[in-house]
Amino acid sequence: MSDLQVLIAGAGPTGLTLACDLARRGVAVRVIDQASGPFPGSRAKGVTPRTVEVLDDLGLAQEAVRAATPVVMRHYGREGTFTDQRPASYWQTSPAEPHPQLLLPQWRTEAILRSLLGRLGVTVEYGTRLDRFEQDGNQVTATVQRDAGSRVIAADYLVGCDGGHSTVRKQLGVAFEGTTHPGQTLLIGDAEVTGLRPDRLHLWADPDHGLLQLCPFAGVTAWQVAAMTPAWQARPPAPSEEVFQRAVLEITGMPQITLGAPTWTSTYRVNVRMADRLRCGRVFLAGDAAHVHPPAGGLGMNTGIQDAYNLGWKLGLVLSGHAGDGLLDTYESERLPIAAWALGASTERLRAMIGELGKGADADLGVVNTDDTRQLRLGYRWSPLSREGHRRGVRAGDRAPDAPCRDASGATVRLFDIFRGPHFTLVGFGQSGRSSLDVVRDAWPGPLRTCLIAEAGTLTDADGHAADGYGVTGEAMVLVRPDGHLALTVEAHDPVTVLNYLEALKTLPPGR
């Protein structure tokens, strides 16, 4: 085993999430990035409710919510008429689903994660490029370039979170299959905007003139500018202040809207691609290195963050000796189907959005947001880690719902408060589960927290939200994975099945 346990290539949202999750588990981790500093642009600005749950588990949800921009969409017709659209049910919350969608520029999401990583004692090594690597049965040896010199880093594992042009993926020889759509080009950038209310997301969709979105962000002067015109699809111009200003005038017909010089720009061409493998020995792929998506539905960054969340706890258990190598194969078996779903869903949402553009002022671009794109229904029922004990309510592999409960003092404690942290959580419903919880806690040496929901338990389900969320009508136990999915559902008097499950993590067979 190397002194360094995990080397992460890439300090975007995926790499930062993985680094934070590993560091809080006591894993020795380094993060390198060839860029000279943090990414400056707003790029991916939609944070789905499921990703907010990931941030919640890292202790960052409240900070993200405070930094987010309130969402009110102002949709314009060509003549300057408009309607304000308040958040629909897509943005609402419930006891089981407590977090809304957030509007947050990517640079701020990264800053929140990077700040936590610093508090955990890890600093991103910018200006450090991964050149090549080799692996054997014991470690990965990476050669990196920094300050015109090369150095060698040895680690137990390497994770490529280095984007769509991933060096890690290319050197592994992993296929990145899919298509590019050159006829669908979006120019995007960040610039100051005057002449519009800064408390609205402003949107124009005109079949003859094009699509324009001007999105402000809380606490900063730069807005995100995203534009697409029919004339650009054959040969799009390079994004610039002049190009954006001309597009604004042509699409809106409102000369009072003016833009400042962009601080960041990008030309976005629709790509739909996915790696055919996520693990090659001691090397893994995550985020855009493994899959790239159309922007509709905002699934790209969110799916990458959730890749990291799936992989982090598995690496942590294997490196601590509480699980065997076979657990790492479940990263691929669980996340490849999710990546395929995300590619299909975002492609379908893009098709729906393009169809709406033809309706002009009657377009409803809210079609890009569906219940599925909240990502709360995604799960792993097919996984070898999902074991059914009974089929009441939520099932093994499903996302574990939240619920407000009460502690002994009468204060509200959410189940997510109990789940938060790098551990499994064994929840017992009903008084007879107390002894079962004690047996499992005393017998398994791995990271585990127990919680009894009963009249004289850890918590009481005063309003019935926990029982409703989990579909429990009597007494039962549920084992919740460190990433907030149900591992196992069993009867309240059956600690043996829970212990067998946890012990079996050491002997999971290889995925292939």
Side-chain angles (χ1 to χ4, degrees), residues 40-46 69-87 103-108 183-270 295-296 298 350 353-368:
S42 62
R43 192 156 53 195
K45 62 182 184 297
T69 303
V71 179
V72 179
M73 182 180 294
R74 177 161 289 186
H75 190 183
Y76 293 81
R78 175 65 179 173
E79 301 77 19
T81 59
F82 61 82
T83 57
D84 282 346
Q85 299 176 354
R86 300 283 172 177
L103 190 60
L104 202 65
Q106 182 174 321
W107 63 261
R108 195 184 294 277
Q184 297 172 353
T185 303
L186 184 73
L187 300 189
I188 188 170
D190 293 341
E192 290 191 22
V193 175
T194 58
L196 292 173
R197 286 183 59 164
D199 60 350
R200 297 288 188 271
L201 188 159
H202 303 266
L203 178 67
W204 291 260
D206 187 286
D208 298 319
H209 297 88
L211 171 70
L212 176 68
Q213 184 184 93
L214 300 176
C215 177
F217 297 112
V220 295
T221 59
W223 298 34
Q224 185 183 90
V225 181
M228 176 190 299
T229 75
W232 292 352
Q233 302 314 305
R235 181 173 296 184
S240 66
E241 180 179 1
E242 179 184 359
V243 167
F244 279 130
Q245 188 66 67
R246 186 167 63 247
V248 167
L249 182 59
E250 291 176 357
I251 295 172
T252 70
M254 299 169 66
Q256 70 270 28
I257 304 174
T258 60
L259 274 59
T263 57
W264 163 80
T265 63
S266 180
T267 300
Y268 188 94
R269 292 177 177 84
V270 172
L350 178 64
M353 185 186 77
I354 291 172
E356 288 295 317
L357 290 179
K359 300 178 182 179
D362 295 327
D364 176 15
L365 297 191
V367 296
V368 302

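Being a predicted model, the structure only gives us computed values, none of them experimental.
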Worksheet entry | Between CE on residue M228 and CD1 on residue I188, distance to nearest 0.5 Å | 10.5 Å
Practice prompt. Measure across L103 and C215 and return the closest heavy-atom pair with its distance rounded to 0.1 Å.
Written response: CD2-SG, 3.7 Å
Worksheet item: Taking it one step at a time, do L249 and I257 satisfy side-chain contact (heavy atoms from CB on, under 4.5 Å)?
Response: CA-CA 8 Å; L249 182 59; I257 304 174; over 6 Å; no
Worksheet, complete the sentence: L211 and I251 have their tightest heavy-atom pair at O-CD1, 3.6 Å
Worksheet item: To the nearest 0.5 Å, how far apart are CG in L259 and CD in E192?
Response: 10.0 Å
Fill in: Distance (rounded to the nearest 0.5 Å) between L203 CG and M73 CE
5.5 Å
Worksheet item: What are the two closest non-hydrogen atoms of A247 and A227, and how far apart are they?
Response: CB-CB, 4.3 Å
Fill in: Side-chain touch M254/H202, heavy atoms, less than 4.5 angstrom
no
Practice prompt. Calculate, to the nearest 0.5 Å, the distance between atoms CD and CG belonging to Q213 and L186 respectively.
Written response: 9.0 Å
Worksheet item: Can you tell me how far OG1 of T185 sits from OH of Y268, rounded to the nearest 0.5 angstrom?
Response: 11.0 Å
Worksheet item: Does any pair with a residue in residues 193-203 pass salt bridge (Lys or Arg N to Asp or Glu O under 4.0 Å), and if so which ones, sequence neighbours excluded?
Response: D84-R200, R197-D199
Fill in: Which atom of T267 lies closest to which atom of P239, heavy atoms considered
OG1-CD, 3.3 Å
Fill in: Whether Q224 side chain and R43 backbone form a donor-acceptor pair below 3.5 Å
yes
Discussion item. Is there a side-chain contact (heavy atoms from CB on, under 4.5 Å) between D206 and Y76? Walk through the geometry before answering.
Written reply: CA-CA 9 Å; D206 187 286; Y76 293 81; over 6 Å; no
Discussion item. For H209, is there any backbone N or O sitting under 3.5 Å from a side-chain donor or acceptor partner on T229?
Written reply: no
Worksheet entry | Residue pairs fulfilling side-chain hydrogen bond (donor to acceptor under 3.5 Å, both in side chains) with at least one residue in residues 256-265, sequence neighbours excluded | T194-T258
Worksheet item: Does any N or O in the side chain of D190 come within less than 3.5 Å of the main-chain N or O of S42, such that one atom is a donor and the other an acceptor?
Response: yes
Fill in: Pairwise side-chain contact, F217 with R108, heavy-atom cut-off 4.5 Å (strictly under)
no
Worksheet item: What distance separates H75 NE2 from L201 CG, expressed to the nearest 0.5 Å?
Response: 11.0 Å
Worksheet item: How far apart are the closest heavy atoms of P198 and P216, and which atoms are they?
Response: O-CG, 3.4 Å
Worksheet item: Considering all heavy atoms of both residues, which atom of L196 and which atom of W204 are nearest to each other, and what is their separation?
Response: CD1-CH2, 4.0 Å
